[in-house]
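Here the structure is a predicted model, which is why all the values come from computation and not from measurement. For ligands, and for the atoms within them, numbers begin at 1 and follow the listed sequence.
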Amino acid sequence: MHIVLISTPIGYLGSGKGGGVEITLNSLVTGLVAKGHTLDVVAPKNSKLLEASKKVKLHFVEGKEQKSWQHQDYYSLVSISDNSLLPRMIEKAISIGKKADIILNLSYDWLPIWMTLNINIPIAHIISMGSESFVINNLISNVYSKYPNNFAFHSKIQASDYSFIENPIIIGNGFKLRNYIFQNSKNGPLGWVGRVAPEKGLEDAAYVANALGEKLNVWGIVQDESYALKIEKMFSPGVLEWKGFLETDKLQKELGTCRALLNTPKWNEAYGNVVVEALACGVPVVAYKRGGPGEIIEHGKTGYLTKPDDKESLLSYVKVINKIDRKSCREWVENNASSNIFASKVESWLNTVIKENQSQNLL
Ligand code: UDP
């Protein structure tokens, strides 16, 4: 297949602003190229791919970044500024897409989804979040009624946010395993990884570290400065150890030294890349059973799941984290979430979309 990938218009690949979408895209590039497919990736200027290949071409687009939907009111209108990246990325993708088999959109936005009904090239969408916008939710519903196969989700619980979706296509996510080294560090510190923003619930993880008289290592981009400041003020100096945003290679090295990762989502987390990345390094995860982590973590085997927002339960499971065999964590990722497994699921899904589109065009 010749596939055109549309990246997120929230930030360039490598900036961290795009959150999990950045790893998803990179993992797809690795997995789909290994299967012999040819890719064109349309992404904001300055984007970097983790792996170069003759089969992948990166196309830069300049313009103003979109505001992420989870940081807007649910009923906000679609807003596209004069020099916005989004329409320029779509234009670019369509012009390349005319010669391709399919466009694969990874941006959670209105315009690319609307295009599905209005051009003759099949467009498939990996929906990266739960329902975060009224207008996008309703648009997906409209497009879904004509093209039910064009949407894929990372987890069942994420898909359940879209009540009209019957039998959702679930693709999980994938990780290039050789980028993550197993470490057997049972006595390491506690870790937390994510965009520092209210939906990620950093305060609950900090509560646990504080109660244990320990520091919490925090990796990730500070997306909401006032939120970060608020959390900092809630605890004594030194509880939060800000480590900043690191590239995967450095992140996994440091993350692997942790004895546990705390994952405390306050929203319906679509998947939870950081959970799987920790497992890949052998780090068990203690998480709220909310969103994707609830489907990924095997309670008692690769970590522990607690009732959402129950900080005391989180604390009690961290105390017994050494009961988990770190090798089981790595094994789970090898058996369920490699970039190869992920690319196979996406490949067979895209084939279905292409076939369906061809038969629709014959009608
Ligand atoms: N991340 C990173 N460096 C950091 C912290 C985070 O590359 O220092 C990446 C992390 O590897 C993960 C992504 O940011 O792939 C966050 O994705 P996740 O699915 O956990 O949450 P999202 O941001 O998509 O809501």
Side-chain angles (χ1 to χ4, degrees), residues 7-30 47-50 68-71 106-109 126-132 153-155 157-158 161 171-177 179-181 191-202 205 216-224 227-228 240-258 261-281 283 285 287-288 290-297 303 333 337 339 342:
S7 185
T8 169
I10 303 294
Y12 65 87
L13 287 167
S15 68
K17 288 186 187 173
V21 172
E22 300 190 20
I23 281 273
T24 304
L25 189 140
N26 273 294
S27 173
L28 270 180
V29 167
T30 303
S47 287
K48 273 184 287 179
L49 291 173
L50 295 178
S68 50
W69 278 96
Q70 77 269 32
H71 300 133
L106 277 81
S107 80
Y108 185 95
D109 222 312
I126 297 183
I127 301 296
S128 59
M129 296 198 279
S131 178
E132 291 293 325
F153 301 84
H154 291 295
S155 66
I157 187 84
Q158 175 208 359
D161 245 18
I171 52 172
N173 215 341
F175 301 81
K176 200 173 153 191
L177 281 160
N179 287 348
Y180 301 87
I181 316 287
W192 187 95
V193 188
R195 290 177 293 103
V196 179
E199 66 271 20
K200 297 290 184 178
L202 172 60
L216 177 71
N217 288 324
V218 176
W219 290 276
I221 185 174
V222 176
Q223 208 165 35
D224 185 330
Y227 168 73
L240 291 154
E241 180 88 21
W242 301 102
K243 299 284 204 174
F245 178 82
L246 301 184
E247 284 181 5
T248 302
D249 183 42
K250 284 192 186 138
L251 175 67
Q252 64 85 25
K253 260 189 212 132
E254 297 193 10
L255 178 59
T257 66
C258 291
L261 178 86
L262 293 166
N263 189 253
T264 45
K266 297 282 171 182
W267 68 338
N268 184 2
E269 187 76 55
Y271 186 76
N273 281 3
V274 298
V275 169
V276 181
E277 293 176 276
L279 297 178
C281 302
V283 180
V285 184
Y288 288 151
R290 178 181 271 145
E295 281 173 37
I296 295 166
I297 297 160
V333 187
S339 42
F342 182 47

- [ ] Decide yes or no on side-chain hydrogen bond (donor to acceptor under 3.5 Å, both in side chains) for Tyr271 and Gln158, but give the supporting numbers first.
- [x] CA-CA 7 Å; Tyr271 186 76; Gln158 175 208 359; over 6 Å; no

Task: Shortest non-hydrogen contact from Leu262 toward Trp192 - done: O-CD1, 3.2 Å

Task: Which atom of Arg195 lies closest to which atom of Lys17, heavy atoms considered - done: CD-O, 4.1 Å

Task: Any side-chain heavy-atom pair of Glu254 and Leu246 under 4.5 Å - done: yes

Open item on the list: Is there a side-chain contact between Lys200 and Lys266 in this structure, where contact means two heavy atoms from C-beta onward sitting under 4.5 Å apart?
Closed with: no

Open item on the list: Heavy-atom contacts with ligand 1 below 4.0 Å: which residues, ordered by chain and residue number?
Closed with: Gly19, Gly20, Ile23, Val193, Arg195, Lys200, Trp219, Gly220, Gly244, Phe245, Leu246, Leu251, Trp267, Glu269, Gly272, Asn273, Val274, Glu277

TODO: Could I get the full list of side chain to side chain donor-acceptor pair (under 3.5 Å) partners for Ser7, not counting sequence neighbours?
DONE: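 Testing Ser7 for side chain to side chain donor-acceptor pair (under 3.5 Å), a comparison that skips the adjacent residues, returns none.
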
